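The structure appears right after this line, and notes come after that.
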Amino acid sequence: MQRVLVLDKNRQPLMPCHPARARQLLRRGKAAVFRCFPFTIILKDRESGVTQPTVLKPDPGSKTTGLALVADFARRGKVLVWAAELRHRGAAIRKALADRRAHRRFRRSKLRYRPARFDNRTRPDGWLAPSLQHRVDTTMTWVRRLMRWVPVMSLAQELARFDTQALQNPEISGIQYQQGTLFGYELREYLLEKWVRKCAYCDAENVPLTIDHIHPRSKGGSNRVSNLTLACFPCNQRKGNRDVAEFLDRDPKRLARIEAQRRAPLQDAAAVNSIRWALWRNLVATGLDTSQTVRVAGRRGIVASSSIPRSTGSMRRALGNRARMCASIPSISPWRYRPWVTVSASAPA
């Protein structure tokens, strides 16, 4: 259950209370509404109070970041008092930058020749792409907000690391890490062998075959070999820039076969790998005790080192808790946020 955040009359954080208790205080005139989201009340006649150790646990992700407040009560132990999911807009930022780049190139193509200027620009240490920096900034914004509204004593981050090679091939080991997917092949030869020299959409043989993007480039698809397939010219023209799920919506068996042959994209894993240490450094800079849960996805075992305080846990357990509470966890949309009102909606499945 989502508890109500509480402030004393000096706007200092107190322990969150049950919604029924908050309604009672509001009805009696002992409190007033301070914020609509997260719903926070401010007491009119109370200063300070007893607080329990509360841990803020951000769980960074590529599209959503989980935020949880866990209080350690003397009798009931650790209790989840508030949780939310922060939805990132990294894909929208990436698309906006791509559109801006296209407009600039078109405009400059109409001008006289000018020497390239990209060599004059330098990037500071720790630079992240804007779509990745956005994930760090929005997460830290909500961390700082919750530290103002809740008596947070410490922070705990899940420092997940994805082994992208093992996600594609769980049996990989040793020197195989140095051998890419196309080791010993040319791209076209590899695709002919992988798709048995047939059109993936109609099984046509002995016809000219073209290389097609399963997930189109215009909708965020990549040029990775896992996103490429073979298609005859008529199928390639009919598919156009539609996604394979839309193109084969009437042939689920063929769609399932194509999805089984291709490999999962690694964009989300790469995003989490890129921001995990930047977010960790920002959390440490808050001055609170900061622990980390180290998990490696794609390999067996946990890689951990050094003297940083750590907490342990299971990724399966974390995902299970998120799914179990999904119906009651609000979703925060940063691009719809205003300083005085935040629009919350049901958490995505």
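Keep in mind that the numbers below use all heavy atoms, side chains included, and drop hydrogens, waters and symmetry copies. When a residue number appears, it is its place in the shown sequence, counting from 1. Note that the structure is predicted; figures quoted are calculated from it, not measured.
Under the 4.5 Å side-chain criterion, counting only non-hydrogen atoms from C-beta, Met140 is in contact with Leu283. With contacts defined as side-chain heavy-atom distances shorter than 4.5 Å, the pair Pro60/Arg276 does not qualify. The closest side-chain heavy-atom distance from Gln52 to Asp72 is not below 4.5 Å. Side-chain contact between Ile211 and Arg188 is present, with at least one heavy-atom pair separated by less than 4.5 Å. At a threshold of 4.5 Å between non-hydrogen side-chain atoms, the residues Thr65 and Arg135 do not count as touching. A heavy-atom distance below 4.5 Å is found between the side chains of Leu97 and Pro130. Contact of the Val4 side chain with the Pro16 side chain is not registered, since no non-hydrogen atoms from C-beta on lie closer than 4.5 Å. Side-chain contact between Met147 and Leu288: present, with at least one pair of heavy atoms (C-beta onward) separated by less than 4.5 Å.
A salt bridge links Lys239 and Asp212; the closest N-O separation between the charged side-chain nitrogens and carboxylate oxygens is under 4.0 Å.
Counting non-hydrogen atoms of other residues, nucleotides and ligands closer than 6.0 Å to CZ of Phe73 gives a total above 12.
When hydrophobic clusters are built by joining Ile, Leu, Val, Met, Phe, Trp and Tyr residues whose side-chain heavy atoms come closer than 4.5 Å, directly or via intermediates, Leu146 is not grouped with Val55.
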Exercise for the section: Check the pair His88 / Thr139 against side-chain contact (heavy atoms from CB on, under 4.5 Å), numbers first and verdict last. Expected result: CA-CA 9 Å; His88 299 302; Thr139 302; 3.7 Å; yes
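A donor atom on one side chain and an acceptor atom on the other are not found under 3.5 Å apart for Gln24 and Arg27. For the residue pair Asp268/Ser62, the side-chain donor-acceptor check at 3.5 Å is satisfied. Side-chain contact check for Asp8 and Gln12: no donor-acceptor pair (N or O, by modelled atom type) lies under 3.5 Å.
Legend: residues meeting side-chain contact (heavy atoms from CB on, under 4.5 Å) with Lys95, ordered by chain and number and at least two apart, are Asp99. With sequence neighbours excluded, the residues that form a side chain to side chain donor-acceptor pair (under 3.5 Å) with Arg217 are Asn223. In this structure, Phe39 has no ring pair (Phe, Tyr, Trp, His ring centres under 6.0 Å) partners at least two apart in sequence or on a different chain.
Using the six-membered ring where Trp is involved, Phe247 and Tyr201 have ring planes that are perpendicular, over 60° apart on the 30 and 60° scheme.
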